[in-house]
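These values consider heavy atoms only, across backbone and side chains, with no hydrogens, waters or symmetry-generated copies.
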Amino acid sequence: MSRILVVFLVLGAVCSSSLADPLYRNSEDVQIPQLDGRIVGGQDTNITHYPHQISMRLRGNHRCGGSIYNAHTIISASHCVNTLTTVENLTIVAGSSNIWFPTGPQQELPVREIIMHPKYRSLNNDYDAAILIVDGEFVFNEAVQPIKLAKERPEHDTPVIVTGWGTTSEGGVISDVLQEVSVNVVENTKCKSSYPILLTGRMLCAGVTGGGKDACQGDSGGPLIYNNELLGIVSWGTGCAREKYPGVYCSVPDVFDWIVEASAAYDYVGKVDFL
């Protein structure tokens with residue numbers, strides 16, 4: 001799954017955490033929130049089917065996914081940007097199915113401002129949502145479009161779709177072509193059996209019985225979609241596509257108000273009045 005490597009150990013009353021690049025996940029059999037991934041068990045797709053999908057680039061290299069909210073605002077994960085000290089060399093690329101060889105009129109804009117959710121906790125990636133303001137505006141066409149936000153969670157076992165350029169296997173390499181995979185919502189009461197300590201009410205789980213389909217390293221920050229609306233933001237998980245370990249997403253319905261208010265507060269002068 002796309003996420004940042006957070007090592008969480010509990011020994012009595014002692015706990016510790018460490019972060020790694022969001023493009024990599026730990027493969028050990030321990031419960032580790034892994035922040036960055038890629039699609040496992042999916043298939044190639046075209047950006048015109050998911051025109052809200054973007055690639056966040058740092059110095060030209062794919063770092064995380066994300067979704068277009070409006071012409072100048074991107075929604076992604078806080079764990080994708082919380083270790084950055086500057087927006088220098090951070091860009092957003094939209095409009096292409098292939099991250100290395102543009103398949104159409106690809107658009108790339110530099111990031112001007114990063115707004116992380118004020119309640120974000122790197123220890124377990126609670127409130128793992130962030131807004132990135134680009135310098136300029138994307139021109140909408142069939143390959144570049146905004147996505148609406150979901151206001152409610154669907155029922156347990158509802159089919160949803162996750163997309164991205166993350167690795168297609170645990171510990172693998174990122175995909176050149178945009179991937180899509182269908183998974184099912186796992187209600188939090190059931191997901192708690194896999195993540196009894198780390199899971200919170202701001203998180204949403206999705207996977208399939210027996211494993212084999214999931215987001216993975218490099219998919220972090222990317223979209224989980226239901227009814228053409230943004231339901232979740234790829235956040236973390238134990239390994240990729242493992243049985244009994246669903247992927248974990250920031251639940252958009254639970255950060256809906258913050259996204260709307262924080263994006264509206266941006267005044268186009270490079271200043272955020274909301275936070």
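Glu142 has its side chain out of reach of Pro51: every pair of non-hydrogen atoms, C-beta onward, lies at least 4.5 Å apart. With a 4.5 Å cut-off on side-chain heavy atoms, Lys213 and Val40 do not count as touching. By the 4.5 Å heavy-atom criterion applied to side chains, Asn188 and Leu199 are counted as neighbours. Residues Tyr69 and Ser263 meet the side-chain proximity criterion, which asks for heavy atoms closer than 4.5 Å. Ile147 has its side chain out of reach of Ile75: every pair of non-hydrogen atoms, C-beta onward, lies at least 4.5 Å apart. In this structure the side chain of Ile233 never reaches within 4.5 angstrom of the side chain of Tyr249, judged on heavy atoms. When side chains are defined from C-beta on, Ser235 does not count as touching Met203, because their heavy atoms never get closer than 4.5 Å. Inter-residue side-chain proximity for Trp258 and Ile131 is flagged as met; some heavy-atom pair is nearer than 4.5 Å.
Looking only at distances, a side-chain donor or acceptor of Ser78 sits under 3.5 Å from a matching main-chain atom of Ala129. With hydrogens and angles ignored, the 3.5 Å screen pairs no side-chain donor or acceptor of Ser76 with any backbone N or O of Ala130. In terms of modelled atom types and a separation under 3.5 Å, the side chain of Glu170 and the main chain of Cys240 share a donor-acceptor contact. Checked by atom type and distance alone, the side chain of Asn46 never pairs as donor or acceptor with a backbone atom of His49 at under 3.5 Å. Between the side chain of Arg202 and the main chain of Val255, no donor-acceptor pair closer than 3.5 Å is present.
Remark: Lys192 NZ to Leu198 CG distance equals 8.5 Å, nearest 0.5 Å. Between Thr200 atom OG1 and Asp126 atom CG the span is 3.5 Å, to the nearest 0.5 Å. Considering CD1 of Ile68 and CD of Gln53, their distance stands at 9.0 Å, rounded to 0.5 Å. How far CG of Asp176 is from CZ of Phe101: 7.0 Å, rounded to the nearest 0.5 Å. Atom CD1 of Ile174 sits about 8.0 Å away from atom CG of Asn61, to the nearest 0.5 Å. The CG atom of Leu230 sits 7.0 Å away from atom NE2 of His52, with the distance rounded to the nearest 0.5 Å.
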From CA spacing to verdict: side-chain contact (heavy atoms from CB on, under 4.5 Å), Ile92, Arg57: CA-CA 6 Å; Ile92 302 296; Arg57 309 280 179 92; over 6 Å; no
Trp165 vs Val177, side-chain contact (heavy atoms from CB on, under 4.5 Å): CA-CA, chis, key distance, verdict: CA-CA 7 Å; Trp165 290 277; Val177 180; 5.7 Å; no
Test side-chain contact (heavy atoms from CB on, under 4.5 Å) applied to Val93 and Ile99, step by step: CA-CA 8 Å; Val93 175; Ile99 59 172; over 6 Å; no
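Under the side-chain hydrogen bond (donor to acceptor under 3.5 Å, both in side chains) criterion, Thr86 pairs with no residue at all, not counting sequence neighbours. Thr209 pairs by the side chain to side chain contact (heavy atoms under 4.5 Å, CB included) definition with nothing, not counting sequence neighbours. Every residue was checked against the side-chain hydrogen bond (donor to acceptor under 3.5 Å, both in side chains) condition with Asp135, not counting sequence neighbours, and none meets it. With sequence neighbours excluded, no residue satisfies side-chain hydrogen bond (donor to acceptor under 3.5 Å, both in side chains) with Thr158. Residues satisfying the side-chain hydrogen bond (donor to acceptor under 3.5 Å, both in side chains) criterion with Glu88, sequence neighbours excluded, are absent altogether. Listed by chain and number, the residues in a side chain to side chain contact (heavy atoms under 4.5 Å, CB included) with Val139 are Gln107 (sequence neighbours excluded). With sequence neighbours left out, Glu229 forms a side chain to side chain contact (heavy atoms under 4.5 Å, CB included) with Lys148, Ala150. Arg153 pairs by the salt bridge (charged side-chain N to carboxylate O under 4.0 Å, His left out) definition with Asp254, not counting sequence neighbours. For Asp157, the side chain to side chain contact (heavy atoms under 4.5 Å, CB included) test picks out Asn184, with sequence neighbours left out.
Within 6.0 Å of atom CG in Asn228, 12 or fewer heavy atoms from other residues, nucleotides or ligands are found, so the atom counts as exposed in its surroundings.
The two residues Trp236 and Asn124 come nearest to each other via the heavy atoms NE1-O, 3.6 Å. In this structure, His62 and Trp100 approach most closely via the heavy-atom pair N-CH2, 4.2 Å. Minimum interatomic distance between Val162 and Ala215 (heavy atoms only, all atoms of both residues): CG2-CB, 4.2 Å. Residues Ala262 and Ile115 approach most closely at O-CD1, 4.3 Å, considering heavy atoms. Counting all heavy atoms, side chain and backbone alike, Val134 lies closest to Ala71 at CG2-O, 4.2 Å. Residues Tyr226 and Pro154 approach most closely at CE2-CB, 3.8 Å, considering heavy atoms.
Screening residues 94-213 for disulfide (SG to SG under 2.5 Å) gives Cys191-Cys205 as the qualifying pairs, with residues at least two apart or on separate chains. The ring-ring contact (aromatic ring centres under 6.0 Å, His included) pairs that include a residue from residues 125-158 are His117-Tyr127, where partners are two or more places apart or lie in different chains. Screening residues 89-99 for side-chain hydrogen bond (donor to acceptor under 3.5 Å, both in side chains), with sequence neighbours left out, gives Thr91-Glu108, Ser96-Thr103.
The side chain to side chain contact (heavy atoms under 4.5 Å, CB included) test with Val111 is passed by exactly one of Leu58, Leu90, Ile133: Leu90. For the side chain to side chain donor-acceptor pair (under 3.5 Å) with Gln179, the lone residue among Thr45, Thr163, Asp44 that qualifies is Asp44.
Taking hydrophobic clusters as Ile, Leu, Val, Met, Phe, Trp and Tyr residues chained together by side-chain heavy-atom distances below 4.5 Å, Val252 does not share a cluster with Val186. A continuous path of hydrophobic side-chain contacts links Val183 to Leu231 [ILVMFWY only; heavy atoms under 4.5 Å].
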